[in-house]
Asker: 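Okay, handing you the structure first.
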Amino acid sequence: MVVKSTPDIGYLHTGMEKLFEYKKYQQGIVITDRMDYLNPLGNNLAYVMAAEKLLGLEIPERAQTIRVLMCELQRIASHLVWLGTHALDIGAMTVFFYAFREREKILNLIEAASGGRLTPSYFRIGGLMMDLPSGFERRVQQFLNDFPEALEEFHTLLSGNRIFQKRTQGIGYISAEDAIDWGLAGPCLRGSGVNIDIRRTNPYTGYEKYDFEVCVEQDGDVWARYMVRMREMKESHKIVVQALSRLQPGPVKADAPKVVLPDREAMKTHMDALIHHFLIVAEGFDVPEGEVYHPIEASKGELGVYMKSNGGPKPARVHFRGPSFVNLSALPQMAEGCMVADIVAIIGSLDIVLGEIDRCQVSVKTGYQTDTRHLTPDIHL
Amino acid sequence: MSKELENKGQTNVQAETTPSNSVTPSPLVAALRREKPDWAGEVIEAFGEVTVIVPRENILEICSYLKTAPGFEFNFLADLCAADRGPEEEPRFEVNYHLFSITKHHRLRLKVLLNDDDPHVQTVTGVWRTANWHERETFDLMGIIFDGHPDLRRILLPDDWEGHALRKDFPLRGFDARRSAS
């Protein structure tokens, strides 16, 4: 029986919030990839949208649609890792392999678009790194055709499994009031019957135009959180289908030559494009003074970016409100009174990623500093 | 005052260009001005967001009020973080409370300004329990002391760590860079 539990975190510290203050805005994007490493595109989006808010940039329609499309694919990928590892923790090994098989397809798509599988840095301040490669729509369509069947497979393996049900139903209960009080977000909050989804309440990057259901379950236990995520994958599938049909040709970068890197072709023929490119890379761009807090609905809940600018090419302060960090803080509330073996199930149902919880420091708990230079190579975005 | 006006001018431009991510702030400010005029002295509206700078002594009272008062209902503390303006600035620190309402779906930022020689502010863990870890993180990395916090220990850094890493006068690679380089 668990009498008291105290999470002890900080073992995956990488000094990110400090690093942001020493990097230009566009260089910060590569740091965000490494935070919640299962949802890098979501992190990219939150970060670039905060900067875009400060700059007052208007993002072209096509770029917004691609952002939605990629983010929802990423959400499915993130949920698939959760599904595989959550089941594995409880003792169901088979699901893990099937979940990772599907995730692999999404990573291939992300790689095709951005060149990176786990660290895409695909969204840039003012738009995208580049347009989608040719034939991308067909590949996404292929994934979309296959995915519902895979989802059914997961349901067959887990949802109907008596052992899995016994391990999850009625375990790790948290009421709606407590969930709000503890600041739970995303599927954990919706699993307690609170109908909140930032894509709906404060829509961003065009989510208001998409038709999807906010998945809510009333029970507040591990099973409810499981069902929310399973249903969410279906909804994400629905959003990707819609995004694909909305995809119209057009520019993918904002018309802001002082912020957005010019196209290669333009650089070869236009003197001013070359100058802008040089200035952005060498000196960065000035961001007006001010502060913003930009929340998005990441796969794990509310991912908020607080960005403060004093003018100049580097931010004065960047803070991430990581959903994993906040969700984990409620663990003692859920764990107390249950069996020790249930802790694994509860932690799995919170879907935490330690990279996001420990965002901030320069050392592991040895007291020695680790070299963080490799984290942010001085590549020019 | 002139800065406030400037920011307001900016808001109008922003409203057309930025993607909508918040409700129109004006009713919120008007309601706050009407209900509690002494708290809403300095209000900054910029980038579609509302910031209210509140006196340090009142923060607990204000949070308790805003959590339950009809029309506000900020029952969800989305985030709590601090920023360092630099060792030469006075007041040096700002603590930001990002409030969200589950029922009304609006957002508000409260800001408390603190001096370098007295970085104390009352805890709000009694209002929202989620503030517990946020305040511990802020204490750990920025050295803000939350009076009345039930368990104000370091959370991300080791207990014997010296200094507060996110302060502007803390070097990026630490005070002990030479040892780590070897």
Side-chain angles (χ1 to χ4, degrees), chain A residues 9-10 13 15 17-19 21-22 49 52-54 56-59 64 178 180-185 194 196 201-206 208 288 290-295 302 304 306 308 310 316-317 319 321 325-326 328-330 333 358-363 365-372, chain B residues 7 10 13-14 16-23 44 46-49 51 75-86 94 96 98 100 102 105-107 109 111 128-134 137 140-141 151 154-158 160-161 165-166 168 170 172-174 176-177 179-181:
Chain A
I9 61 171
H13 244 7
E17 287 185 5
K18 186 84 174 169
L19 271 172
E21 296 169 15
Y22 291 79
M49 284 196 78
E52 284 160 4
K53 209 168 172 181
L54 280 168
L57 286 182
E58 180 119 41
I59 309 304
Q64 293 208 16
D178 281 340
I180 294 171
D181 202 28
W182 278 107
L184 288 192
V194 182
I196 281 290
T201 57
N202 308 107
Y204 52 91
T205 196
E208 64 275 11
E291 56 183 344
V292 291
Y293 176 76
H294 188 84
E302 173 169 343
Y306 170 76
K308 182 174 153 68
N310 289 342
R317 173 88 165 99
H319 171 77
R321 184 256 195 232
F325 179 80
V326 182
L328 184 66
S329 72
Q333 166 90 20
D358 291 351
R359 283 145 295 138
C360 305
Q361 229 313 114
V362 240
S363 85
K365 285 216 166 173
T366 56
Y368 287 92
Q369 271 137 359
T370 45
D371 192 346
T372 49
Chain B
N7 280 330
Q10 216 168 7
V13 184
Q14 292 296 329
E16 289 160 15
T17 51
T18 45
S20 65
N21 193 52
S22 54
V23 292
I44 304 162
F47 307 106
E49 297 180 14
T51 310
N75 51 358
F76 189 88
L77 178 69
D79 187 30
L80 191 162
C81 66
D84 184 2
R85 293 174 169 181
E94 30 186 81
N96 298 303
H98 294 108
F100 176 63
I102 297 278
H105 303 165
H106 51 206
R107 289 178 186 273
R109 180 188 300 117
K111 192 189 279 290
W128 304 280
R129 274 178 286 177
T130 179
N132 190 324
W133 276 27
H134 286 306
E137 187 193 329
D140 187 358
L141 301 174
D151 183 28
R154 287 190 182 271
I155 186 166
L156 294 173
L157 303 190
D160 57 354
W161 187 269
L166 275 178
K168 290 285 182 195
F170 193 97
L172 177 63
R173 310 213 36 212
D176 218 4
R179 187 171 67 166
S180 69

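A quick note: this is a predicted structure, and the numbers were derived from the prediction, not measured. We use all heavy atoms of the structure for the numbers below, so side chains are in, but hydrogens, waters and symmetry mates are not.
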Asker: Taking side chain as everything from C-beta outward and backbone as N, CA, C, O, which of these in B:R154 sits under 4.5 Å from a heavy atom of chain A? Side chain, backbone, both or neither.
Answerer: neither
Asker: Look only at the side chain of A:K53 and the backbone of A:V292, and say whether a donor-acceptor pair between them is shorter than 3.5 Å.
Answerer: no
Asker: Contact between A:E291 and A:R317 at the side-chain level, heavy atoms closer than 4.5 Å - yes or no?
Answerer: no
Asker: Chain A: which of B:N75, B:L80, B:L77 shares the most heavy-atom pairs with it under 4.5 Å?
Answerer: B:N75
Asker: In terms of side-chain geometry, is the basic nitrogen of B:R85 or B:E94 positioned less than 4.0 Å from the acidic oxygen of its partner?
Answerer: yes
Asker: At a heavy-atom separation under 4.5 Å, does A:L184 approach chain B through its side chain, its backbone, both, or neither?
Answerer: backbone
Asker: I'd like to verify something: which residue of B:W128, B:F76, B:F100 has the highest number of heavy-atom pairs under 4.5 Å with chain A?
Answerer: B:F76
Asker: With a 4.5 angstrom heavy-atom cut-off, is it the side chain or the backbone of B:A82 that approaches chain A, or both, or neither?
Answerer: backbone
Asker: Taking side chain as everything from C-beta outward and backbone as N, CA, C, O, which of these in B:N96 sits under 4.5 Å from a heavy atom of chain A? Side chain, backbone, both or neither.
Answerer: side chain
Asker: With a 4.5 Å cut-off on side-chain heavy atoms, are A:R321 and B:H98 touching?
Answerer: no
Asker: Among A:I180, A:V194, A:D181, which has the most heavy-atom pairs under 4.5 Å with chain B?
Answerer: A:D181
Asker: Test of understanding: with side-chain hydrogen bond (donor to acceptor under 3.5 Å, both in side chains), list the residues that count as partners of A:Q333, not counting sequence neighbours.
Answerer: A:D178, A:W182, B:R129
Asker: State the CZ-OG1 distance between A:F325 and B:T130, to the nearest 0.5 angstrom.
Answerer: 8.5 Å
